[in-house]
Amino acid sequence: VKDNNYLGKFVLGNIPKTLRGVPKIKVTFNVDSNGILEVTAEDSKSKQKSQIQITNEKGRLTQSQIEAMLQEADKYKDDDELTRGELVARESLKVYIARVQQALVDMDATKIKQRDRERLEVRLR
């Protein structure tokens, strides 16, 4: 947090409740030639959309600070992609486990032996 610079805040609200990991939110960052950053977020299912425009006002980063941050970002790009891949895989696994747990709850007791159900419940914890 100490390395973060507060630029602004916006909220994407009124998104319908759904299973964890299911919502698909498209976030777009756009910087124009004047250095104005525009951030847009849109839920692909409900089409709810929110955006914010951030200008380079007094007390913000200088151009040299921005360039240094971009160079640092390029330097760590491969590590970031690896970490992102791990996070996506972990979240996908959590979603899969949640769906299997729900399927187990919804499953008719006559379709699975009690012993097998207990084994699955232990493994899914």
Side-chain angles (χ1 to χ4, degrees):
V1 174
K2 68 180 179 75
D3 293 329
N4 291 342
N5 294 294
Y6 180 77
L7 299 175
K9 177 181 175 181
F10 73 103
V11 177
L12 180 62
N14 298 325
I15 299 174
K17 291 187 178 190
T18 184
L19 290 175
R20 181 179 181 175
V22 173
K24 301 290 186 231
I25 299 174
K26 180 181 176 184
V27 180
T28 307
F29 298 89
N30 186 25
V31 180
D32 69 9
S33 60
N34 296 322
I36 297 173
L37 171 65
E38 187 174 309
V39 182
T40 305
E42 180 179 7
D43 178 46
S44 61
K45 187 173 184 179
S46 68
K47 301 298 181 195
Q48 289 288 356
K49 190 174 186 179
S50 183
Q51 64 184 37
I52 187 171
Q53 194 174 65
I54 301 166
T55 59
N56 194 6
E57 298 171 358
K58 185 177 181 181
R60 305 290 177 147
L61 299 174
T62 65
Q63 189 62 33
S64 62
Q65 288 173 315
I66 293 170
E67 289 173 9
M69 290 173 76
L70 289 173
Q71 288 175 355
E72 186 178 352
D74 283 341
K75 179 179 175 183
Y76 294 110
K77 184 178 182 179
D78 293 338
D79 291 340
D80 291 344
E81 283 298 318
L82 180 62
T83 302
R84 182 183 177 281
E86 289 171 352
L87 289 172
V88 167
R90 188 176 295 121
E91 191 61 33
S92 295
L93 180 59
K94 287 179 183 179
V95 169
Y96 176 74
I97 289 171
R99 286 183 179 170
V100 171
Q101 286 173 331
Q102 188 60 46
L104 191 59
V105 168
D106 295 342
M107 188 179 295
D108 186 8
T110 61
K111 293 187 178 185
I112 186 170
K113 295 179 184 175
Q114 184 63 28
R115 183 186 72 204
D116 293 338
R117 178 183 293 274
E118 290 169 359
R119 282 184 184 167
L120 280 171
E121 288 172 349
V122 168
R123 299 258 188 228
L124 290 171
R125 288 186 193 152

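Only heavy atoms go into these numbers, but all of them, side chains included; no hydrogens, no water, no symmetry mates.
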* **Gap between atom NZ of Lys26 and atom CG of Asp43 - 0.5 Å precision** => 12.5 Å
* To do: Starting at OH of Tyr76, measure out to CG of Leu82 and round the result to the nearest 0.5 Å.
  =>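 Answer for the OH-CG pair, Tyr76 versus Leu82, is 15.0 Å.
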* Of Asn30, Ile52, Asp32, Val31, which meets side chain to side chain contact (heavy atoms under 4.5 Å, CB included) against Leu37? -> Val31
* **Pairs meeting criterion side chain to side chain donor-acceptor pair (under 3.5 Å) with involvement of residues 98-120, two or more places apart** =>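 Matches after skipping sequence neighbours: Gln102-Asp106, Asp108-Thr110, Gln114-Glu118.
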* **Summary of side chain to side chain donor-acceptor pair (under 3.5 Å) pairs that have at least one residue in residues 80-90, sequence neighbours excluded** =>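 Those involving residues 80-90 do not exist here.
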Do the side chains of [X] and [Y] join up, straight or via other hydrophobic residues, at under 4.5 Å, putting them in one cluster?
X      : Y     : result
Met107 : Ile97 : yes
Leu93  : Val88 : no
Ile54  : Phe29 : yes

* To do: Could you list the residues that satisfy side-chain contact (heavy atoms from CB on, under 4.5 Å) with Ser50, not counting sequence neighbours?
  =>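 Result, side-chain contact (heavy atoms from CB on, under 4.5 Å) vs Ser50: Phe10, Leu12.
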* Is there a side-chain contact between Val100 and Leu120 (heavy atoms, below 4.5 Å)? -> no
